[in-house]
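Note sheet for the following structure.
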Amino acid sequence: MSAFAQQLITWQREHGRHHLPWQCDDPYRIWLSEIMLQQTQVATVIPYYERFLKRFPDIHSLANASQESVLEHWSGLGYYARARNLHYAAQQIYQEHHGNFPQTRSALETLKGVGRSTAAAIAVFAWGKREAICDGNVKRVLARHFALNIDSTTTSAQPIFWQLAESLLPHSSEDLKSYTQALMDLGSLICKRTRPLCQQCPVQNTCQALARNAVSAYPKKATKAPKPSRDGYFLLCRQPNGDILFSQRAEKALWGNLWILPWFDTEQALQAFAHQHHMQAQSKMQSAFCHVFTHYRLNIHYQEYYLSTPQLNGTSSTYRWLSSTAIQSAALPAAMKKLLNLKRS
Ligand code: SF4
């Protein structure tokens, strides 16, 4: 076994995390946690994970649920494509694998939304398979420990990272589980993206970035152009009973299938829509905050309106009035919740 793996295993058994709610050998629970943990911190995930599991305790309940119900239980966690893929993959498992989880990394990778690293994590924790994980956290650890002078985000760097990750794997299934968990723990607790805790690191003696006093120089990244920004104008229209008008996004659109305040590209378009439906303005257009998507920044503006009747003549069924109770459980993106909370505070 590599010295790197040995040190990590010893450290994990003594200092690592052993009581996370998904630390078990149930592939469904491991899969769910792996998907939720993509781009989201452990502390944020835990309450969502528990709530989701209560409603969808197994693959059967998830595969048979409506997409709307799955999105509702994902609401607020962000990156909703993960929830749609999860739902789709549950149906794949049902239809293509008779409800049984595939047991090899390559078969797991055929499930929608399951990449190589996620498939490897499931294969290791559920079945003790000898597979390497190599997500963003692991790449950061490897890039620093081995002082890799390659941009970890490029396509050409990927085989180098995967080969290195595989070469470090221990052999026994118990060691594999501890080692894989150790890499996850190290990446999230010690070798953090900013301000890594090198003095507490179990591999500090062999870390080449630390030896060169150049930890912040790794992983190497090409300088990126700043994200473009655009403006979005949101209509906040209330009825006399306080219900608020929402519209549902198209499935393939950004925030696909989620409910948002009606969104317009220009202030004029918003006001023309309001005028067409006899809404009365209650405020001027106001700037709220900037929401950052993967590819651009959205400056969110909103204007409040009032409509004395629930009728919206000539509009499609993608519009719906939601009460404050319905809003609590509806599938809303985090940016919309933030905007509504802003209005409440
Ligand atoms: Fe990361 Fe520091 Fe440990 Fe090196 S010594 S692996 S930079 S935490």
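Counting starts at 1 for both ligands and their atoms, in listed order. Numbers for residues simply follow the sequence, beginning at 1.
Using a non-hydrogen distance threshold of 4.0 Å, V141 does not register as a contact of ligand 1.
Ranking protein heavy atoms by distance to atom 4 (Fe) of ligand 1, first place goes to C207 SG, 2.3 Å. Considering only non-hydrogen protein atoms, atom 1 (Fe) of ligand 1 sits nearest to C191 SG, 2.4 Å.
Under the 30°/60° scheme for interplanar angles, the aromatic rings of F146 and F4 are found to be tilted.
Each of the following atoms of ligand 1 lies closer than 4.0 Å to a heavy atom of V215: 7 (S). Short contacts between ligand 1 and L210, defined as distances under 4.0 Å to a heavy atom of the residue, involve ligand atoms 5 (S). For ligand 1, the atoms sitting less than 4.0 Å from at least one non-hydrogen atom of R144 are 7 (S), numbered in the order shown with element in parentheses.
In this structure, a donor-acceptor pair under 3.5 Å is absent between the side chains of E96 and T110. Defined by atom type and a distance below 3.5 Å, a donor-acceptor pair is missing between the side-chain atoms of E267 and Q303.
Taking the centre and axis of the six-membered ring of F52, the NZ or CZ atom of K54 falls outside the cone set by 45° and 6.0 Å.
With respect to D265 and R230, a salt bridge is recorded, a charged nitrogen being found less than 4.0 Å from a carboxylate O. Taking the charged nitrogens against the carboxylate oxygens, R130 and D175 have no contact shorter than 4.0 Å, which rules out a salt bridge.
At least one N, O or S atom of C201, from either the backbone or the side chain, sits less than 2.8 Å from atom 3 (Fe) of ligand 1. Residue C198 counts as close to atom 2 (Fe) of ligand 1, with an N, O or S atom under 2.8 Å.
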